[in-house]
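Below, chain A is the first sequence line, B the second, and so on; all start at residue 1.
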Amino acid sequence: MPELPEVETSKNGLLLLIVGQVVDAVYLWRDNLRWAIPTHLNTTLARQVVCGVGRRGKYLLIEFEVGILIIHLGMSGSIRVVNRNVELQKHDHFELVFENGKSMRLNDPRRFGAVLFSTNGIHPLLDNLGVEPLEDEFDANYLYTKSRKKHLAIKAFIMNSKVVVGVGNIYACESLFKSRIDPRRPAGKVTKKCYQLLTQNIKSTLSEAILAGGTTLQDFTKIDGTPGYFAQDLYVYGRENKPCFICNGKITRITQNQRATFYCPQCQI
DNA sequence: CTTGTCACCTGAGCGC
DNA sequence: TGCGCTCAGGTGACAA
């Protein structure tokens, strides 16, 4: 579910709601998600003040003086901030209760997400991550240089978090469509001119999705539990056999690396 | 090193 | 209603 815009949407919500708040209690409603949740968090974070909320790729970073709480939403995770007396929902796995009576809850049905902790600001999962797509260093030259001699498909290339973080299945499909690039093209054969288009379209697609509050297909909700509205702006994702908005041809669905790819065979070459 | 596949897990939707 | 099947926003670990 959550790609970069969804994580950014969650981050922005948390910035408003939990920065400056003091942790009253930490609840681990189960001991693991994708990995074990550090059991010491209830003592480590007690009485700690949230000093900031950040994001690296699709990782949410909740900053304390004693370290950083690292949260990943996996495929089906979402975060809500509610009053602490609100009843727990099914799949609420982790909870930070604050002294102001609010509670931040991580809900994740499929449990591909993660809750981790770093005392020194570094973590193996955050090492070796590629550039942020909305930063200036992510440009045509970067992708062009990185892709030379690569034989894998352009779609897999831009979804590789060691190249650029935060571009998931939806936005990869959408950005390639807007750039009129066939998702199957070998990354190493894509011209710099095409990469110019592609980097611009990745940036604009992600930015617009952030403004719309992310894409809600099934699980994702914003901090207040309401859905994002970017789904109504999708050109190809989930539109198999529907007419292309540009040429009226049929949107096609193929499988690449066991992930669905949607594209227009007429427009994308 | 590069590329592709599997695994992790629950739930929705569909055909029968 | 219910069963069995397919599919779903991610990504680390491993195989070839």
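- Listed nucleotides: C:dG12, B:dC9, B:dT3. Nearest to the side chain of A:R111: B:dC9.
- With the 3.5 Å cutoff on both pairing distances, Watson-Crick and G-U pairs in DNA chain B assemble into runs of at least 3 at B:2-8 with C:10-16, B:10-16 with C:2-8.
- At whole-Å resolution of the value, NE2 in A:H72 and C1' in C:dG12 are 11 Å apart.
- Ion pairing between A:E240 and A:K250 fails under the 4.0 Å rule for side-chain N and carboxylate O.
- Residue pairs meeting the salt bridge (Lys or Arg N to Asp or Glu O under 4.0 Å) criterion with at least one partner in residues 172-182 of chain A, sequence neighbours excluded, are A:K178-A:E208, A:D182-A:R184.
- With hydrogens and angles left out, the side-chain atoms of A:N120 and A:S118 include a donor and acceptor closer than 3.5 Å.
- With rounding to whole Å, A:L33 atom CG is found 15 Å from C:dG12 atom P.
- We find that CG of A:N32 is positioned 11 Å from P of B:dT10, with the value rounded to whole Å.
- Residues satisfying the ring-ring contact (aromatic ring centres under 6.0 Å, His included) criterion with A:Y59, sequence neighbours excluded, are A:H72.
- Ranking C:dG9, B:dT3, B:dG11 by closeness to the A:L152 side chain, first place goes to B:dT3.
- Between the NZ atom of A:K146 and the P atom of B:dT3 there is a distance of 12 Å, rounded to whole Å.
- Following rounding to the nearest Å, A:I71 (CD1) and C:dT11 (C1') show an atom-to-atom distance of 18 Å.
- In this structure, A:R239 forms no cation-pi arrangement with A:Y263, as its terminal cationic atom is not both closer than 6.0 Å to the ring centre and no more than 45° off the ring axis.
- Look at OH on A:Y237: it is 12 Å from P on C:dC7, rounded to the nearest Å.
- Residues passing the side-chain contact (heavy atoms from CB on, under 4.5 Å) test with A:C247 are A:C244, A:C264, A:Q266, A:C267, sequence neighbours excluded.
- At whole-Å resolution of the value, CG in A:L129 and C1' in C:dT11 are 11 Å apart.
- Among C:dA8, C:dG10, B:dG4, the nucleotide with an atom closest to any side-chain atom of A:N169 is C:dG10.
- Distance from the side chain of A:M75 is smallest for C:dA8 among the nucleotides B:dG11, B:dT10, C:dA8.
- Counted within 6.0 Å of OH on A:Y235, heavy atoms from surrounding residues, nucleotides or ligands total 12 or fewer; the atom is thus considered open.
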List, with names and distances, any nitrogen or oxygen atoms from the protein found under 3.5 Å away from nitrogen or oxygen atoms belonging to nucleotides 5-8 of chain B.
| residue | atom | partner | partner atom | Å |
| --- | --- | --- | --- | --- |
| B:dC6 | OP2 | A:Q258 | OE1 | 3.1 |

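- Applying the salt bridge (Lys or Arg N to Asp or Glu O under 4.0 Å) rule to pairs touching residues 15-41 of chain A yields A:D24-A:R47, A:D24-A:R84, sequence neighbours excluded.
- Nucleotide C:dT11 holds its C1' atom 14 Å from the CG atom of A:L73, rounded to whole Å.
- Applying the 4.0 Å criterion to OP1 and OP2 of B:dG11, one finds that A:H91 has a side-chain N or O inside that range.
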Atom pairs, protein N/O to nucleotides 13-16 of chain C N/O, distance under 3.5 Å:
none

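- Listed pair A:K149 / B:dT2 fails the phosphate criterion, with no side-chain N or O lying under 4.0 Å from OP1 or OP2.
- Residues in residues 140-160 of chain A take part in no salt bridge (Lys or Arg N to Asp or Glu O under 4.0 Å) pair, two or more places apart or across chains.
- At the heavy-atom level, A:K90 lies under 4.0 Å from the strands shown only through sugar-phosphate atoms.
- Residue A:Y59 is classed as a sugar-phosphate contact, given heavy-atom separations below 4.0 Å to backbone atoms only.
- Between B:dC6 and C:dT6, the two P atoms lie 15 Å apart (nearest whole Å).
- Between the side chains of A:N201 and A:S179, at least one donor N or O sits under 3.5 Å from an acceptor N or O.
- Between A:R259 and C:dG9 there is a side-chain N or O to OP1 or OP2 distance below 4.0 Å.
- In this structure, A:R185 has no side chain to side chain donor-acceptor pair (under 3.5 Å) partners at least two apart in sequence or on a different chain.
- Between the side chain of A:T43 and the backbone N or O of A:H40, at least one donor-acceptor pair lies under 3.5 Å.
- With sequence neighbours left out, the ring-ring contact (aromatic ring centres under 6.0 Å, His included) criterion links A:Y171 to A:F230.
- Comparing atom distances between the A:A260 side chain and each of C:dA8, B:dT10, C:dT11 picks out C:dA8 as nearest.
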Scan nucleotides 2-6 of chain C against the protein and return all N/O pairs shorter than 3.5 Å with their distances rounded to 0.1 Å.
none

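- Counting only residues at least two apart or on different chains, no side-chain hydrogen bond (donor to acceptor under 3.5 Å, both in side chains) pair has a member in residues 159-168 of chain A.
- Salt-bridge formation is detected for the pair A:E8/A:R55: a Lys NZ or Arg NE/NH1/NH2 atom is positioned less than 4.0 Å from an Asp or Glu carboxylate oxygen.
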